[in-house]
Amino acid sequence: MVRRVRRTPALVVGQREARALAGTLGGVVREARRSRRMSLGELASKVGLGRTRTAEIERGEGTGAPLETWIALGIALDRPLAIGFSRPLTAAPSDPVDAGHLQIQEHV
């Protein structure tokens, strides 16, 4: 009997965001390569990939590419990759919610 794995809402959103991010980053890779007048083969050899895989990444099909590949692409194109988590979407319950008007009053 095969156990079915349930896709959680976070996983569904994560996969959608990963596809969008891979598309955006792939476009940046393509534009950076073209602006440097570098061929697809030159870039591929600099990062140790095949031309086909490099072209797939440029087309936005790089969701399965390891971080090492993205970092190597950034280094080869002189556009280092920067990754980080943003702030939490919601404030902690103990934090008071202020529209900033108290800071203005205190400033005056």
Side-chain angles (χ1 to χ4, degrees):
M1 183 171 174
V2 176
R3 182 178 172 155
R4 186 173 178 178
V5 178
R6 184 174 171 266
R7 290 178 36 183
T8 64
L11 182 60
V12 171
V13 172
Q15 289 172 337
R16 182 176 47 233
E17 291 296 318
R19 283 192 302 270
L21 185 57
T24 300
L25 290 175
V28 170
V29 167
R30 174 177 281 145
E31 289 304 313
R33 177 182 61 79
R34 287 180 175 172
S35 71
R36 285 162 180 72
R37 292 182 169 80
M38 186 185 298
S39 73
L40 190 61
E42 289 173 321
L43 177 59
S45 67
K46 282 188 174 194
V47 297
L49 294 175
R51 287 184 54 190
T52 303
R53 183 58 179 142
T54 306
E56 290 171 351
I57 288 171
E58 285 189 354
R59 286 195 309 266
E61 300 168 11
T63 56
L67 277 176
E68 292 88 356
T69 299
W70 289 107
I71 292 167
L73 286 165
I75 291 169
L77 295 168
D78 200 27
R79 298 278 310 268
L81 180 67
I83 299 175
F85 286 104
S86 62
R87 288 189 233 158
L89 295 176
T90 58
S94 62
D95 293 343
V97 178
D98 180 7
H101 67 281
L102 295 177
Q103 289 178 347
I104 295 170
Q105 288 177 354
E106 289 178 4
H107 179 67
V108 175

Donor-acceptor contacts under 3.5 Å from residues 7-28 side chains, at least two apart:
residue: R7; atom: NH2; partner: Q15; partner atom: OE1; Å: 3.2
residue: T8; atom: OG1; partner: L11; partner atom: N; Å: 3.2
residue: T24; atom: OG1; partner: A20; partner atom: O; Å: 3.1

Q) Hey, are the side chains of T69 and V47 touching, using non-hydrogen atoms and a 4.5 Å cut-off? A) no
Q. Heavy-atom distance under 4.5 Å between the side chains of T54 and V29, does that happen here?
A. no
Q | Common cluster, M38/L40, ILVMFWY with side-chain heavy-atom separation under 4.5 Å | A | no
Q: For residues 71-88, pull every pair meeting side-chain hydrogen bond (donor to acceptor under 3.5 Å, both in side chains), keeping only residues two or more places apart or in separate chains.
A: none
Q.
Under the salt bridge (charged side-chain N to carboxylate O under 4.0 Å, His left out) definition, can you give me all pairs with a residue in residues 40-53, not counting sequence neighbours?
A. R53-E56
Q | Trace of the side-chain contact (heavy atoms from CB on, under 4.5 Å) decision for I57 with L49 | A | CA-CA 10 Å; I57 288 171; L49 294 175; 3.9 Å; yes
Q.
Would you compute the distance between atom CG of L43 and atom CG of L77 and round it to the nearest 0.5 angstrom?
A. 5.0 Å
Under 3.5 Å, which donor-acceptor pairs do the side chains of residues 58-67 form with other protein atoms, sequence neighbours left out?
residue: E58; atom: OE1; partner: R30; partner atom: NE; Å: 3.4
residue: E58; atom: OE1; partner: R33; partner atom: NH2; Å: 3.0
residue: E58; atom: OE2; partner: R33; partner atom: NE; Å: 2.6
residue: R59; atom: NE; partner: E61; partner atom: OE2; Å: 3.4
residue: R59; atom: NH2; partner: E61; partner atom: OE1; Å: 3.3

